[in-house]
Each structure stands twice: as C-alpha cells, then as structure tokens.
Amino acid sequence: MNNVNPKPAATTPQQPLLTIEDLSLSFETSQKGVVLEALQKVALVVNASQTVCIVGESGCGKSLTSLAIMGLTPTNALKPTGTVWFQTKDNKRVELLSLPERELRKLRGREIAMIFQDPMTSLNPAFTVEFQLCEAIQTHSNVKLSKTQLREKAIAALDAVGIPAPADRLKAYPFQLSGGMSQRVMIAIALAGDPKILIADEPTTALDVTIQAQILTLLKNLQTSRKMGLILITHDLGVVAEMADFVNVMYAGQIVESGSAADVLHNPRHPYTQALLNSLPALQMTKTNERRLESIPGVVPHLAARPSGCQFHPRCLYKTTVCVAGHPALKAISNDHAARCFKTEGKL
Ligand SMILES: Nc1ncnc2c1ncn2[C@@H]1O[C@H](COP(=O)(O)OP(=O)(O)O)[C@@H](O)[C@H]1O
Ligand SMILES: [Mg+2]
C-alpha cells in the first residue's frame, strides 16, 4: 500500500500516534477563484496516553481540524491539504488525507473515534440505547455475536462509563436520559471499537457545571486506563487546566501557541493566550484576588474579512506597525513551547 511508511515496525515505537503538518482547509465562494481559508498550516502532535487540548474561541477552526482528521470535512469545503500521519494498532503509518474513503471508514471507530458537543442530537431518537450500542459493538467485532453476547457486552460498556443499573438503561430511548447520561452513552458507543485516539469536541459545553466535571473525570480515567490519546476541544482554559498534558491555542485558523500545559498556563507567551487566561476567574484568582476579570475586546475575524498581518493584531494590546504588515511565524521559545508573535521574535 503506498500510504504505508516502509520503515520496519521495530524502529517506530516512539512515533507519535498522530502528527498533523501544514493542514490547510478552504471554502469556495460564489466569486470564481476566491476562496476563504478556514485553516492555515495547522500542525499538532498527539502521543499515546496523552491528552492534547485545542483551545480557542468559537470560530477559530477547532472543529474543522478534528473533522479533517476524521475525513469528515463539510461538503462545501475544498479538499484539505497538508499531511495527517497516523500510527495504526498494527503499527502501520498511514496518511489520512490521502487515504481512500473506503479505507478511512475502516479506521473510524476502530482507530480514531469522536464525540460531539450535543449528545442528544448524536443519538438516534427512534432507537433504544441497546439497539444503538449493540450495533456499534457488532460493527467493530470480527465475529458475529449472539443477542446474549451483545447484551452482555453492552451492559459492560455502560458499566465502564459509570452508568448505574446498566441492564435497565439498555431499554431506554434517548429522550428518557439526562444530558450527562446521554453523553456517557455516546462515549460508550465511541469506545466500542477500542480506538487509539478519542476526539472529544466540546463534550461538556451543553451540560450543567457539576455534570461537566463528572464527564471530564470519566474521560480522564478512560484515557488513562485505556492508554488512549485524547484530543479534547474546548473554549475553556479551565477545562485545559484540569485535563491537558499538551495545549494548542488556536486563533483564526492558526495555532498561535503550543506547549505543555505548565508552559502555556503558567508562562503564556502569546497575547491571545494571555487574554484568554485573564478572562478566566479561577486561574487568575490564584495569582491575585485584586485583578479584574477582563473579557477580550473584539471578535474572531470572519473568514471573508481577515485582517492584514498578524490575525490577532486588531485585538492585541501590544500591536505595532510590524504586526499590521507582517505575518509572524510559530517560533520556538523552548524545547516544546512555541508562539506566533513578533514579541517572542524580539521584533517589538
Ligand atoms: N460548512 C462551512 N461553510 C463555510 N464556513 C464554515 C463551514 N464550517 C465552518 N466554517 C467556518 O470556518 C471557521 C472555523 O469553524 P469551526 O472549525 O467550526 O470553529 P470552532 O470549532 O473553533 O468554533 C469559522 O469561521 C466558520 O464560520
Ligand atoms: Mg466547534
């Protein structure tokens, strides 16, 4: 297969699970030859047993990044460019963007699975939990399972995601479940194929605060016990502080800062990351109770109205003429910490 790296397996145990390089995605417009760039050369890495957060305000390109990994970008988008290398369970290195749909379909669920923000709309309202969960379990099983075997596995799967009285819950329809319970069912369905990576796109945004914490704890426990990679998408740096090993901050379709959770949260170098942190009550309280909560003035630019130069400059406290004209590169600050700002380049 031409998508498989020829290197022998023995030399690749340290390979990351997923390596995204130069991922760009555009939408066509009604004007011939004019495209809107939604993702610009996104790069990120996910290692085994690692929680990698993608954080940024709404419209920054977080969901499109995860959909590109799954080969599920919107139909009105142009084909994504760049590379997404993935290390399969049998230690093959495949490039997902060039993989035919038929091959990608085999990987979805078994190698990479995804859960979304609103569990209520992801579950089919017309079928019971048992039907939907058993269907996922059978799809990912190599052998035909009997009804009893499927039921036993379904009960175990619900138990593993912390659903009490799982045998009774099997009979429920989605509308009979709370938001938190529905999300647990979605997680059980997503894990039915024992994936190496779970992508969770704002999995707790639609839930009450106490339920959010329970679902995050569940995800963390499942990630640790299954040694999965977890890509957690959120607009909330509080969630990042709870969960992340590694953080990618996105703004206007670009990664603007990346680093370990400790680096990004305690030594943020991009003014956007700093502004996100300043708008977060709990984290800044630990520094000083006197600092005011600041929301970030302005909004994420519309794709059709991107500013010149640094995409963040219209909202940036430190902008100079350099920022209006030039495009800062993602520059390394230390080993695995980088930021896209002229300030880190020493040009301001
Ligand atoms: N199907 C689409 N057609 C046109 N523009 C889209 C489509 N989907 C997303 N976009 C645009 O791409 C940008 C990134 O979207 P998205 O990845 O959903 O952001 P996020 O998940 O960070 O909120 C936004 O400006 C959004 O309006
Ligand atoms: Mg989104």
Side-chain angles (χ1 to χ4, degrees), residues 18 20 22-44 46 52-82 84 96-97 112-122 183 186 190 197-207 212 215-216 219 230-240 243-244 247-258 264 270 272-273 275-276 279-280 295-296 298-307 310-312 314-315 340:
L18 189 83
I20 302 181
D22 285 340
L23 173 66
S24 297
L25 182 74
S26 299
F27 291 98
E28 250 173 328
T29 63
S30 50
Q31 234 178 316
K32 200 168 182 293
V34 177
V35 296
L36 302 177
E37 287 185 282
L39 299 179
Q40 295 181 328
K41 298 193 176 255
V42 170
L44 65 88
V46 182
V52 173
C53 282
I54 305 178
V55 63
E57 291 161 289
S58 181
C60 283
K62 306 180 299 294
S63 293
L64 288 178
T65 301
S66 59
L67 292 172
I69 299 169
M70 298 290 285
L72 295 172
T73 48
T75 47
N76 62 329
L78 296 170
K79 193 175 159 26
T81 59
V84 180
L96 300 180
L97 297 185
I112 309 176
M114 190 161 176
I115 56 169
F116 298 92
Q117 179 172 328
D118 191 352
M120 297 297 193
T121 56
S122 304
Q183 195 57 294
M186 281 313 301
I197 289 190
L198 179 67
I199 305 175
D201 188 352
E202 309 238 15
T204 60
T205 303
L207 304 174
Q212 279 185 22
I215 297 289
L216 291 175
L219 285 173
L230 175 64
I231 300 179
L232 181 64
I233 294 177
T234 176
H235 60 267
D236 184 347
L237 271 177
V239 170
V240 174
M243 299 286 288
V247 188
N248 295 282
V249 183
M250 273 192 99
Y251 188 77
Q254 298 177 324
I255 304 279
V256 295
E257 180 155 5
S258 62
V264 173
H270 196 285
Y272 181 55
T273 316
L276 283 176
S279 64
L280 191 73
S295 68
I296 313 173
V299 291
V300 178
H302 189 271
L303 298 186
R306 282 181 174 278
C310 169
Q311 297 296 290
F312 187 61
R315 303 173 76 185
R340 188 186 292 280

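Remember, it's 1-based here, ligands and their atoms both numbered in the order they're listed.
At a threshold of 4.5 Å between non-hydrogen side-chain atoms, the residues Thr81 and Leu97 do not count as touching. Side-chain contact between His270 and Val249 is absent, with no heavy-atom pair separated by less than 4.5 Å. A heavy-atom distance below 4.5 Å is not found between the side chains of Glu257 and Tyr272.
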Assess the residue pair Leu96 and Leu18 against the criterion (side-chain contact (heavy atoms from CB on, under 4.5 Å)); give the C-alpha distance rounded to whole Å, side-chain angles, the decisive distance to 0.1 Å, and a yes or no. CA-CA 10 Å; Leu96 300 180; Leu18 189 83; 4.3 Å; yes

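For Ala244 against Val247, the heavy-atom pair with the smallest separation is CB-CG2, 3.9 Å. In plain terms, the two heavy atoms of Gly56 and Cys60 that are nearest each other are C-SG, 4.3 Å. Between Ser63 and Asp201, the shortest heavy-atom distance links the atoms OG-OD2, 2.6 Å.
Around the Mg ion (ligand 2), protein N, O or S atoms at less than 2.8 Å comprise Ser63 OG.
With values rounded to the nearest 0.5 angstrom, Arg340 atom CZ is found 8.0 Å from Gln40 atom CD.
Among Val35, Leu64, Leu78, the single residue meeting the side chain to side chain contact (heavy atoms under 4.5 Å, CB included) criterion with Phe27 is Leu64.
Listed by chain and number, Phe27, Ala38, Glu57, Ser58, Gly59, Cys60, Gly61, Lys62, Ser63, Leu64, Pro74, Asn76, Leu303 each place a non-hydrogen atom less than 4.0 angstrom from ligand 1.
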